S.K.: 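Structure provided below as structure tokens; questions to follow.
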Amino acid sequence: MRLSRYFLPTLKETPSEAQIASHRLMLRAGMVRQGAAGIYSWLPLGHRVLKKVEAIVREEQDHAGALEMLMPTIQSADLWTESGRYDDYGKEMLRIKDRHGRQMLYGPTNEELITDIFRREIKSYKDLPKNLYHIQWKFRDEIRPRFGVMRGREFLMKDAYSFDMTAEDGVKSYNAMFVAYLRTFARLGVRAIPMRADTGPIGGDLSHEFIVLAETGESEVFFDEGFNDFDPMAADPRDGTDLQPVVDQWTSLYAATDEMHDTDSAGAKDKALVQGRGIEVGHIFFFGDKYSKPLKAEVQGPDGKPVAVQMGSYGVGVSRLVGAIIEACHDENGIIWPEAVAPYKVGLMNLATKDEACTAACDKIYTELSTAGVEVLYDDRATGAGAKFTNMDLIGLPWQVALGNRGFKNGIVELKNRATGEREEVAIGEIVAKLTNQ
RNA sequence: CGGGAAGUGGCGCAGUCUGGUAGCGCACUACACUGGGGGUGUAGGGAUCGCAGGUUCAAAUCCUGUCUUCCCGACCA
């Protein structure tokens with residue numbers, strides 16, 4: 001993409017409403033713009049990142065056997081009355097009336113809706129297990145939205161729902177999601193640690209939060225440094241092996257957020273305990289028949305008798321993750337994207353746009369990279385070189401390629417790694433091959 | 001919802017106390033120079049000062065109401 005044709009409104013100064021790093025950087029890098037408190041438009045650069053995060057979440061869900069579908073954002077209040085949560089949910093739920101005066105709501109979550117779909121279509125134990133998910137916008141009318149997309153009111157969430165005949169099978173479904181989450185966050189380029197969680201209003205007795213570690217995270221966390229030795233990609237939910245040992249390993253070490261932290265517990269006395277900060281990006285629950293009973297989500301067992309199914313739900317804050325990744329990956333100059341979610345892999349800068357030969361060389365590199373399938377953002381604007389460097393550091397593409405008169409005379413470009421800051425001179429003729437293999 | 005701040009060109013701010021023709025930096029437009037870390041000059045465009053009402057000869061400035069945004073707390077993907 002040529003920057004001269006792109007829509008990338010970067011800001012030199014930070015808008016006064018943004019306080020934390022990810023919010024400041026998302027505004028400055030031209031990724032999002034605020035519509036109302038906690039509600040954002042995603043501009044092209046931010047949208048690309050959001051879609052990449054979404055794609056990785058989707059791949060790992062599919063890989064773990066979950067089935068993608070799509071439920072609406074607007075729901076009828078009826079199902080919520082039936083589950084008893086219409087009154088319980090409180091002011092966090094955005095309630096609206098349609099033209100006929102029917103009570104509707106903008107979905108804050110989808111347990112009721114998915115359970116209704118399930119109970120209408122699935123009648124036999126032979127159809128189990130099932131794990132259905134969707135990636136959809138939710139709305140929770142938070143008292144105080146803040147931190148940009150990290151705690152917005154409107155947010156993109158992946159939520160999956162598992163249905164099993166027995167609690168034992170339900171735990172297997174839970175474990176598959178547990179492993180899928182380990183893999184998802186590792187692929188996104190961040191370190192996430194599962195922590196035993198309070199089940200809160202969703203209920204149930206088995207639940208873990210996945211916390212991305214970031215120095216500027218919103219909550220304080222305590223965890224065993226033994227987590228460093230675990231490989232999140234070691235287990236595969238699809239190869240048919242028992243995942244319980246993997247889950248046992250990841251839950252054997254102490255890990256807790258400050259509100260769950262208990263200095264008196266045995267694990268907390270471990271010498272290997274370290275303190276850090278983190279951001280919750282995923283939360284999984286196994287809650288048995290909490291919703292299937294009141295909503296009568298039953299199947300017939302082998303004996304012909306109806307049984308309420310065992311359910312679990314599994315959320316990932318997709319839009320929140322974009323902010324969380326930035327919190328974990330930035331410096332004083334801007335964002336440092338992990339390659340898997342970077343909006344473009346390479347930022348190519350023409351530092352001598354008035355020099356026809358140099359420009360032709362840049363154009364050639366741009367064309368060849370594009371043809372080779374490398375995502376490249378090409379700064380071909382007639383602005384000063386300093387502005388280009390500063391802007392590239394801000395938007396944080398993993399690789400920067402700079403070509404100006406100086407290098408052109410000697411037949412070299414400068415290649416810079418945004419994360420390490422390392423610069424290297426590469427022959428013009430070799431840069432494409434080098435980036436293609438990188 | 002309790003406590004606290006703030007709304008003035010796109011962004012960051014001054015002006016408000018003490019009422020008297022709306023200002024600065026950045027960004028933007030044109031031209032020239034410049035071109036390896038947000039460069040320089042000249043000339044421009046753009047604001048009913050959040051909104052409504054009131055006081056006054058006169059309101060960004062004083063009074064009343066209201067909306068919005070941000071921060072701390074309780075709540076949360």
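This one's a predicted model, so the numbers in the text were calculated from it and none came from an experiment.
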S.K.: Return the residues of residues 414-422 of chain A meeting this criterion: a heavy atom under 4.0 Å from some atom of RNA chain B. Order them by number, or give none.
M.R.: A/Glu414, A/Lys416

S.K.: Counting only Watson-Crick pairs (N1-N3 plus N6-O4 or O6-N4) and G-U wobbles (N1-O2, O6-N3), all under 3.5 Å, who is the partner of B/G35?
M.R.: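 Partner of B/G35: none.
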
S.K.: Counting side-chain heavy atoms from C-beta on, which of B/C76, B/G38, B/G36 comes nearest to A/Thr390?
M.R.: B/G38

S.K.: Using a 4.0 Å heavy-atom cut-off to protein, can you give one letter per nucleotide of nucleotides 40-45 of chain B, 5' to 3': B if the base is in contact, S if only the sugar-phosphate is, - if neither?
M.R.: ------

S.K.: A/Arg144 side chain N/O closer than 4.0 Å to the phosphate oxygens (OP1, OP2) of B/C70?
M.R.: no

S.K.: When both hydrogen-bonding distances must be under 3.5 Å and the geometry is Watson-Crick or G-U wobble, what is B/C28 paired with, if anything?
M.R.: B/G44

S.K.: Which side chain to side chain donor-acceptor pair (under 3.5 Å) pairs, counting each pair once, include a residue from residues 88-99 of chain A, with sequence neighbours left out?
M.R.: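 Pairs touching residues 88-99 of chain A that pass the test: A/Asp98-A/Arg102.
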
S.K.: With a 4.0 Å cut-off, would you call A/Glu375 and A/Arg48 a salt bridge?
M.R.: yes

S.K.: Looking at residues at least two apart in the chain, or sitting in another chain, which of them share a side chain to side chain donor-acceptor pair (under 3.5 Å) with A/Lys434?
M.R.: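 Partners of A/Lys434 by the side chain to side chain donor-acceptor pair (under 3.5 Å) criterion, ordered by chain and then number, come out as A/Glu424.
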
S.K.: List in chain and number order the residues that pass side chain to side chain donor-acceptor pair (under 3.5 Å) with A/Ser319, two or more places apart in sequence or in another chain; answer none if no residue qualifies.
M.R.: none

S.K.: Pairs in or reaching into residues 384-403 of chain A: which pass salt bridge (Lys or Arg N to Asp or Glu O under 4.0 Å), with residues at least two apart or in two chains?
M.R.: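 Non-adjacent pairs meeting salt bridge (Lys or Arg N to Asp or Glu O under 4.0 Å): A/Asp393-A/Lys416, A/Asp393-A/Arg418.
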
S.K.: I'd like to know if A/Lys138 pairs up with A/Asp159 as an ion pair, taking the criterion as any Lys NZ or Arg NE/NH1/NH2 lying under 4.0 Å from an Asp or Glu carboxylate oxygen.
M.R.: yes

S.K.: Among all residues two or more places apart in sequence or in another chain, which pass the side chain to side chain donor-acceptor pair (under 3.5 Å) test with A/Glu112?
M.R.: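 Result, side chain to side chain donor-acceptor pair (under 3.5 Å) vs A/Glu112: A/Ser83, A/Arg85.
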
S.K.: Pull out every residue in residues 31-49 of chain A that has a heavy atom closer than 4.0 Å to any atom of RNA chain B, ordered by number, or say none.
M.R.: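 Residues of residues 31-49 of chain A under 4.0 Å from RNA chain B: A/Gln34, A/Ala36, A/Ala37.
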
S.K.: Before giving the answer on side chain to side chain contact (heavy atoms under 4.5 Å, CB included), spell out for A/Phe155 and A/Phe139 the whole-Å C-alpha distance, their side-chain angles and the decisive distance to 0.1 Å.
M.R.: CA-CA 6 Å; A/Phe155 56 97; A/Phe139 192 92; over 6 Å; no

S.K.: Can a side-chain donor-acceptor contact be found between A/Gln244 and A/Asn175 if the only test is distance below 3.5 angstrom?
M.R.: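 A/Gln244 and A/Asn175 do have a side-chain donor-acceptor pair below 3.5 Å.
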
S.K.: Are B/A77 and A/Phe155 stacked, with the base six-membered ring and the side-chain ring centres under 5.5 Å apart and planes under 30°?
M.R.: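 It does: the ring sits over the base of B/A77.
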
S.K.: Are any of the side-chain nitrogens in A/Asp379 or A/Arg381 under 4.0 Å away from the carboxylate oxygens of its partner?
M.R.: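 Salt bridge between A/Asp379 and A/Arg381, a charged N being under 4.0 Å from a carboxylate O: yes.
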
S.K.: Is a donor-acceptor contact shorter than 3.5 angstrom present between the side chain of A/Arg151 and the base of B/C76?
M.R.: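 Yes, the side chain and the base share a sub-3.5 Å donor-acceptor pair.
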
S.K.: OP1 or OP2 of B/G12 less than 4.0 angstrom from a side-chain nitrogen or oxygen of A/Ser16, does that happen here?
M.R.: yes

S.K.: Would you check if the distance from the ring center of A/Phe210 to the ring center of A/Phe178 is below 6.0 Å?
M.R.: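 So the answer is yes for these two rings.
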
S.K.: Check RNA chain B against residues 326-360 of chain A and give the residues with a non-hydrogen atom under 4.0 Å, in numerical order.
M.R.: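 A/Leu351, A/Thr353, A/Lys354 - these, ordered by number, are the residues of the stretch whose heavy atoms sit under 4.0 Å from the strand.
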
S.K.: What's the closest nucleotide to the side chain of A/Arg146 if the choices are B/G38, B/C71, B/A77?
M.R.: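 The answer is B/C71, which lies nearest to the side chain.
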
S.K.: Would you call A/Glu332 and A/Arg24 a salt bridge, taking side-chain N to carboxylate O under 4.0 Å as the test?
M.R.: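 Judged by the 4.0 Å cut-off on N to carboxylate O distance, A/Glu332 and A/Arg24 do not form a salt bridge.
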
S.K.: Are A/Glu209 and A/Arg196 close enough for a salt bridge, meaning some N to O gap below 4.0 Å?
M.R.: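 Looking at A/Arg196 together with A/Glu209, the answer is no, because their closest N to O distance does not fall below 4.0 Å.
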
S.K.: For A/Asn405, check side chain to side chain donor-acceptor pair (under 3.5 Å) against everything at least two apart and list the hits.
M.R.: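 Testing A/Asn405 for side chain to side chain donor-acceptor pair (under 3.5 Å), a comparison that skips the adjacent residues, returns none.
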
S.K.: Could you list all N or O pairs between the protein and nucleotides 26-28 of chain B that sit under 3.5 Å apart?
M.R.:
residue, atom, partner, partner atom, Å
B/C26, O3', A/Lys12, NZ, 3.4

S.K.: Provide the full list of salt bridge (Lys or Arg N to Asp or Glu O under 4.0 Å) pairs with a residue in residues 349-359 of chain A, sequence neighbours left out, each pair given once.
M.R.: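 Those involving residues 349-359 of chain A do not exist here.
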
S.K.: For B/G73, which nucleotide in any strand shown is its Watson-Crick or wobble partner with both distances under 3.5 Å?
M.R.: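 Checking every strand shown, B/G73 finds its partner in B/C1, with both distances under 3.5 Å.
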
S.K.: When rounded to the nearest 0.5 angstrom, what distance separates CD in A/Gln75 from CE in A/Met93?
M.R.: 8.5 Å

